[in-house]
Amino acid sequence: MSLLQHTGPSTLYTELAELPLPVSAEFIGGDVARITYSVRDHERNTIRSLTKTFTGWITSEHHTASHDSSEIKAFATSPSKSRQAILREVSNGTNTKRFVEIWAGTQIEASLDVTKYHDAFHTDNFTFSLSFSPSETSLLYTAEATINSDDNASDDPYPKFIYTPHFGEPSRTKKRSTIFLFRWKRSTAFTRAAKEDMLLVALSLAQPTQIPVLFGQATFATEDVIYASGHEHTKDGRLLGVKWCFNRPMGIWEIKIPESATLQGTPLGAKISCNALKLTPSERSCRSPRVLYNDIQIPTKLFWFSNPVGGPHASCVSLESRDLTTGANKVLVDVVMEPTPENDFPESREADPRMIMVDDGNEL
């Protein structure tokens, strides 16, 4: 008879205890049912609630899950529709904690407390990012970098006294918009990813630019290539307000993330250097990059909005694109100065920067 041996802590209890439990159900019209579940979270020692809406036949193919909470600052669904990313802020008196969560259906696949790695999440239309990688194992989001995360913080004894320009009066607290990369390893046992299997890094440029650039609106193209909008300081060191002002110095950048192997062992919250290339000319104010894929999920086109730098704060908008194979930029919808029967107004008007609609109605 073999002796019993301790092989380490078991996750069986946690797996069973975190299974969603239905607590209520109701029909909300016709054949649409809404079911509310409670889910225990051992990491935060709390109980969450989530809601599933079933349309038509009540099967796994005909439902959507939603997380109803004032703590949720932003969320996004993965390309396969099988995962949700949630940026959560939990206030407890004077303290605020921030979490990045990945949900696979009704179970948490990964969750990380990011409170000490950066300040508030950026969820406005002008710097907001929340993008899954094609493999759905990485996530991009934008947050306010902390003062201590600056490279020269240890060299300057008075960093908090240095004036740092902000994004305008409605965005006075936004001064250090930074793209963060969150990456996790999926557990083969369908349990939550362990902390040692998660990576969180802040992206920075390997070659510092002559004029400081702050990034937002980041989106994945491939596992290691992303596109983002870069907000540039003026030559005299100012950062112009961005809310509804589309004549500011901005450009579209291609940023390449280092290979996964080189990031292994990187401390959580560390800053990594990335090679980057500005794709748009300095006389154009460009924003809202969107990637178009072909039938085999290869990125083929990049789209963005464009305005002239300077002049009116809200001038007419152009829709431009870049062929990701040839690297050629093209104006798809130009500004019509004098409409003619052959060149009428193409109905291009300002839209929510989170979405671009092309003429066939497909969302990019």
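Start at 1 with the first residue, then count along the sequence. In what follows, every heavy atom counts, from backbone to side chain, and hydrogens, waters and symmetry copies are set aside. Here the structure is a predicted model, which is why all the values come from computation and not from measurement.
Partners of Glu144 under the salt bridge (charged side-chain N to carboxylate O under 4.0 Å, His left out) rule, at least two apart in sequence or in another chain, do not exist in this structure. Glu254 pairs by the salt bridge (charged side-chain N to carboxylate O under 4.0 Å, His left out) definition with nothing, not counting sequence neighbours. Partners of Lys256 according to the salt bridge (charged side-chain N to carboxylate O under 4.0 Å, His left out) rule, which considers only residues two or more places apart in sequence or in another chain, do not exist here. Residues that satisfy the salt bridge (charged side-chain N to carboxylate O under 4.0 Å, His left out) test with Asp113, not counting sequence neighbours, are absent from this structure.
In this structure a side-chain-to-backbone donor-acceptor pair under 3.5 Å is missing from Glu71 to Val90. With hydrogens and angles disregarded, a donor-acceptor distance shorter than 3.5 Å links the side chain of Asn329 to the backbone of Leu279. Under a 3.5 Å cut-off, the side chain of Asn294 and the backbone N or O of Pro299 do not form any donor-acceptor pair. In this structure, the side chain of Thr300 engages the main chain of Leu292 through a donor-acceptor pair within 3.5 Å. In this structure, the side chain of Tyr293 engages the main chain of Ala221 through a donor-acceptor pair within 3.5 Å. A donor-acceptor pair is defined here as one N or O able to donate and one able to accept, closer than 3.5 Å; such a pair exists between the side chain of Arg322 and the backbone of Gly327. Under a 3.5 Å cut-off, the side chain of Ser285 and the backbone N or O of Asn307 do not form any donor-acceptor pair. With hydrogens and angles disregarded, a donor-acceptor distance shorter than 3.5 Å links the side chain of Ser131 to the backbone of Phe220.
In this structure, Trp304 and Ser288 have side chains that are not in contact, with every pair of non-hydrogen atoms separated by 4.5 Å or more. Ser306 places none of its side-chain heavy atoms less than 4.5 Å from the side chain of Val317. For the pair His231 and Ser177, the minimum side-chain heavy-atom distance is 4.5 Å or more. The side-chain heavy atoms of Trp253 and Val213, taken from C-beta on, include a pair separated by under 4.5 Å. For the pair Arg290/Leu302, no side-chain contact is recorded, criterion being any heavy-atom separation below 4.5 Å from C-beta on. Between Leu19 and Gln107 the shortest side-chain heavy-atom distance falls below 4.5 Å. Here the side chains of Pro134 and Gln297 are not in contact, with every heavy-atom distance at 4.5 Å or above. Side chains of Tyr227 and Leu324 form a contact here, defined as non-hydrogen atoms less than 4.5 Å apart.
For the pair Leu214 and His233, the tightest heavy-atom approach, listed with the atom from each and the gap, is CD1-NE2, 4.3 Å. Residues Ala202 and Thr178 share a closest heavy-atom pair of CB-CG2, 3.9 Å. Shortest non-hydrogen contact noted between Ser318 and Arg284 is OG-NH2, 3.7 Å. Scanning both residues, Phe215 and Gly230, for their nearest heavy atoms gives CD2-CA, 3.8 Å. Heavy-atom minimum distance, Ser111 versus Arg192: CB-NH1, 4.1 Å. Minimum heavy-atom separation, Ala85 to Leu130: O-CD2, 4.1 Å.
In the hydrophobic clustering of this structure, Val309 does not group with Phe305; members are Ile, Leu, Val, Met, Phe, Trp, Tyr whose side-chain heavy atoms approach within less than 4.5 Å, directly or through other members. In the hydrophobic clustering of ILVMFWY residues, with side-chain heavy atoms under 4.5 Å counting as a link, Leu205 and Ile272 come out together. Hydrophobic clustering (ILVMFWY, side-chain heavy atoms < 4.5 Å, transitive): Phe182 and Leu203 are in distinct clusters. In terms of hydrophobic clustering, with Ile, Leu, Val, Met, Phe, Trp and Tyr side chains grouped at heavy-atom distances under 4.5 Å, Ile179 and Leu199 are assigned to a common cluster. Under a hydrophobic clustering in which Ile, Leu, Val, Met, Phe, Trp and Tyr are joined whenever their side-chain heavy atoms come within less than 4.5 Å, directly or via other members, Leu181 and Phe128 fall into different clusters.
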Using the rule given for side-chain contact (heavy atoms from CB on, under 4.5 Å), can you reason through Thr115 versus Asn95, listing the C-alpha separation, both sets of side-chain angles and the distance that settles it, and then say yes or no?
CA-CA 10 Å; Thr115 309; Asn95 297 324; over 6 Å; no
Go through Ile252 and Glu320 one step at a time and tell me if the side-chain contact (heavy atoms from CB on, under 4.5 Å) criterion holds.
CA-CA 11 Å; Ile252 303 299; Glu320 302 184 16; over 6 Å; no
Apply side-chain contact (heavy atoms from CB on, under 4.5 Å) to residues Glu232 and Ser282 and explain how you reach the verdict.
CA-CA 10 Å; Glu232 303 172 11; Ser282 298; 5.5 Å; no
Assess the residue pair Thr219 and Leu140 against the criterion (side-chain contact (heavy atoms from CB on, under 4.5 Å)); give the C-alpha distance rounded to whole Å, side-chain angles, the decisive distance to 0.1 Å, and a yes or no.
CA-CA 7 Å; Thr219 183; Leu140 295 172; 5.9 Å; no
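The line from CD of Glu101 to CG of Leu87 is 9.0 Å long, rounded to the nearest 0.5 Å. Remark: Thr222 OG1 to Ile298 CD1 distance equals 11.0 Å, nearest 0.5 Å. Going from atom CD1 of Ile86 over to atom CG of Leu139 covers 11.0 Å, rounded to the nearest 0.5 Å. Note that CD of Glu136 is 3.5 Å distant from OG of Ser78, once rounded to the nearest 0.5 Å.
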Pair up each side-chain donor or acceptor in residues 257-267 with any protein partner under 3.5 Å, not counting sequence neighbours, and list the distances.
| residue | atom | partner | partner atom | Å |
| --- | --- | --- | --- | --- |
| Ser260 | OG | Arg183 | NH1 | 3.0 |
| Thr262 | OG1 | Glu259 | O | 2.6 |
| Thr266 | OG1 | Leu263 | O | 2.6 |

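Checked by atom type, the side-chain pair Ser135/Glu223 shows a donor-acceptor distance below 3.5 Å. Between Ser129 and Thr142, the side chains place a donor N or O and an acceptor N or O closer than 3.5 Å (distance only, hydrogens not considered).
The local environment of CZ in Phe75 is sparse, with at most 12 non-hydrogen atoms from other residues, nucleotides or ligands closer than 6.0 Å. Atom NZ of Lys97 has 12 or fewer neighbouring heavy atoms from other residues, nucleotides or ligands inside a 6.0 Å radius.
Listed by first and then second residue, the ring-ring contact (aromatic ring centres under 6.0 Å, His included) pairs involving residues 82-101 amount to none (not counting sequence neighbours).
Between His118 and Phe180, the ring-plane angle classifies as tilted under the 30° and 60° cut-offs.
Between Phe121 and Tyr141, the distance from one ring center to the other falls under 6.0 angstrom.
Note that Arg287 lies in the cation-pi zone of Phe246, set by a 6.0 Å cut-off to the ring centre and a 45° limit from the axis.
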